[in-house]
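The figures that follow rest on heavy atoms only: side chains count, while hydrogens, waters and symmetry mates do not. Since this is a predicted model, take the numbers as computed values, not measurements.
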Amino acid sequence: MKKEFCILFMVIMAFCAVPVSSQEVKGTGTDELRKEADSVLRQGAARRKIEVVFNLVDRLLEEGSEDAVLYLEEGLEYFPWNLKYQMIYAELLAKGGRPTRARERAELVLQYGETDDLIERARKLLGKEPLPTLDKVGSVPGSSCSVVLVPLMEADVWLLERVKDRLSATLGIPVYIRTMEADYPPFARDRRGAVLNGLRKDLKKDIDNFWVAKVLKDSGMTPKDLDDEAKLLRVVKTLMSGAGPEAMAEFEAELERSRGKDPQWDSEALLTVLVRTVKPHRRKKVAYLGVTSVDMYTKDYNFLFGWAGRRGGVVSYHRFTAAFNDEVPNQERLIKRTLMQCLQSIGHIYGMENCTNPTCARAYPNSLEEHDAKEDTLCPQCRSRFEKIFKQALPSDVPKAGAEK
């Protein structure tokens, strides 16, 4: 049994520890980068290896080398959905006097890009108006029900604008976007904390196992002591002792490498900042909903899409993005995912429970797969509940979420 627990912990580590994102290129010479890129391209570059080619492109652009365009074109042959480098390519085409091809690439980025940076650059190249400047938080007009979306820390304006329009069309009430200045807390957990939390949860789940119970008893600890990080590590290392010094060293090294990686913010702390900041402007019947691109968790949750109650709510679309899920960029999908979570959270702010209809936008999802299985509309029961709260009928014909045309 003890050996089985050693294996269990190593498996958990393998699944919880996400590899460090991009290849480190600082200190690597241009010639060495070029050799690596040429080797990758000769082998028929797999997507997961093509990053070295784009690293070389960045270096060659810094040095002003004309070879940057050649490697950029080859990299895009193997990874055409890398919109960051499609935008760079569009800008280089424009500078090189090829406006038609530059506009084609910029239009592609404008249609599929999921970040303000890419969309702003595409709009600029295409001669379109920049994204709107948002008003600061303040009292909202009227006395009826309304929703105020507040970007917290980092949030993309294009997405907020699209979700705002869809929320208003779905609920039939005014929806505003207002910015606020606030002192945000630092991230409360990183990859290291997430790994330890996973170990803690598994230990508590198997608290009746002979070896777990024995280690706790011999250490003079109770299950409650596992909430203390130092005591948790003592238990884990004791259970892993049979795996040998190399496994133990790798465990400790992985924990150390995980510091500062994949930061997560406590959703309750973000909600507290939101509630405190909007308090001077708050009025009855207004739902204040923070929206952020940073990753969230709270208590024993590994992550959260949203966190809401009668005081207000916070929605994170971090795990809805193509970048997080290694998906093809898709504005419509990101709008839909974020819209559904906003509808669920707004319902909580107005005192509604989660919906029991699995296809309703307000159903509680245990995974992104379950979230995507929902519709971006309200079931008849949730419509009826909102109508009673708003004291008016909801619109019957609501357009689907879609990308900018």
Yes or no on side chain to side chain contact (heavy atoms under 4.5 Å, CB included) for Ile177 and Asp135, after CA distance, side-chain angles and deciding distance? CA-CA 7 Å; Ile177 304 174; Asp135 295 330; over 6 Å; no
Go through Leu232 and Leu203 one step at a time and tell me if the side chain to side chain contact (heavy atoms under 4.5 Å, CB included) criterion holds. CA-CA 9 Å; Leu232 170 68; Leu203 281 173; 3.7 Å; yes
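We find that Lys35 and Glu32 are not joined by a salt bridge, their nearest charged nitrogen and carboxylate oxygen being 4.0 Å or further apart. Checked for salt-bridge contact, Arg34 and Asp38 miss the test: no charged N lies under 4.0 Å from a carboxylate O. With salt bridges taken as basic N to acidic carboxylate O contacts below 4.0 Å, one links Arg311 and Glu268. Using a 4.0 Å cut-off between charged side-chain N and carboxylate O, Asp227 and Lys204 make a salt bridge. Salt-bridge formation is not detected for the pair Arg162/Asp165: no Lys NZ or Arg NE/NH1/NH2 atom is positioned less than 4.0 Å from an Asp or Glu carboxylate oxygen. Classification of Glu229 and Arg192 as a salt-bridged pair holds, one side-chain N sitting under 4.0 Å from a carboxylate O. The pair Glu250-Arg257 counts as a salt bridge, with a side-chain nitrogen and a carboxylate oxygen less than 4.0 angstrom apart.
Panel note: side chain Asp326, backbone Ala322; no donor-acceptor pair is recorded below 3.5 Å. Checking side-chain atoms of Lys374 against main-chain N and O of Ala361 turns up a donor-acceptor pair under 3.5 Å. Distance alone, capped at 3.5 Å, is enough to place a donor-acceptor pair between the Arg383 side chain and the Leu394 backbone. Side-chain atoms of Thr238 come within 3.5 Å of backbone N or O of Arg234 as a donor-acceptor pair. Using a distance-only test at 3.5 Å, with no hydrogens or angles considered, no donor-acceptor pair links the side chain of Ser384 to the main chain of Pro380. Listed for the Gln331 side chain is a donor-acceptor partner under 3.5 Å among the backbone atoms of Leu110. Side-chain atoms of Arg123 come within 3.5 Å of backbone atoms of Glu129 as a donor-acceptor pair (strictly under, hydrogens ignored). Although no hydrogens or angles enter the test, the distance criterion places a donor-acceptor pair under 3.5 Å between the side chain of Arg283 and the main chain of Pro141. Not a single donor-acceptor pair under 3.5 Å links the side chain of Asp208 to the backbone N or O of Ala213. Judged purely by atom type and a 3.5 angstrom limit, Glu114 has no side-chain atom pairing as donor or acceptor with the backbone of Leu159.
When only modelled atom types and interatomic distance are considered, Glu254 and Ser258 share a side-chain donor-acceptor pair under 3.5 Å. With 3.5 Å as the limit, one finds a donor-acceptor pair spanning the side chains of Asp58 and Tyr85. Donor-acceptor pairing under 3.5 Å is lacking for the side chains of Asn197 and Tyr297. Side-chain contact annotation: Tyr364 with Gln344, donor-acceptor N/O pair under 3.5 Å absent.
Residue pairs that meet the ring pair (Phe, Tyr, Trp, His ring centres under 6.0 Å) test with at least one member in residues 110-152, sequence neighbours left out, are Trp81-Tyr112.
Classified by interplanar angle (parallel below 30°, tilted 30° to 60°, perpendicular above 60°), the ring pair Trp265/Phe187 is perpendicular.
Of the listed residues (Arg333, Arg319, Arg337), just one forms a salt bridge (charged side-chain N to carboxylate O under 4.0 Å, His left out) with Asp372, and that residue is Arg337.
Between Phe303 and His318, the ring center distance fails the sub-6.0 Å criterion.
Looking only at side-chain heavy atoms (C-beta outward), Val150 and Val148 come within less than 4.5 Å of each other. Using a 4.5 Å cut-off on side-chain heavy atoms (C-beta onward), Glu36 and Asn55 make no contact.
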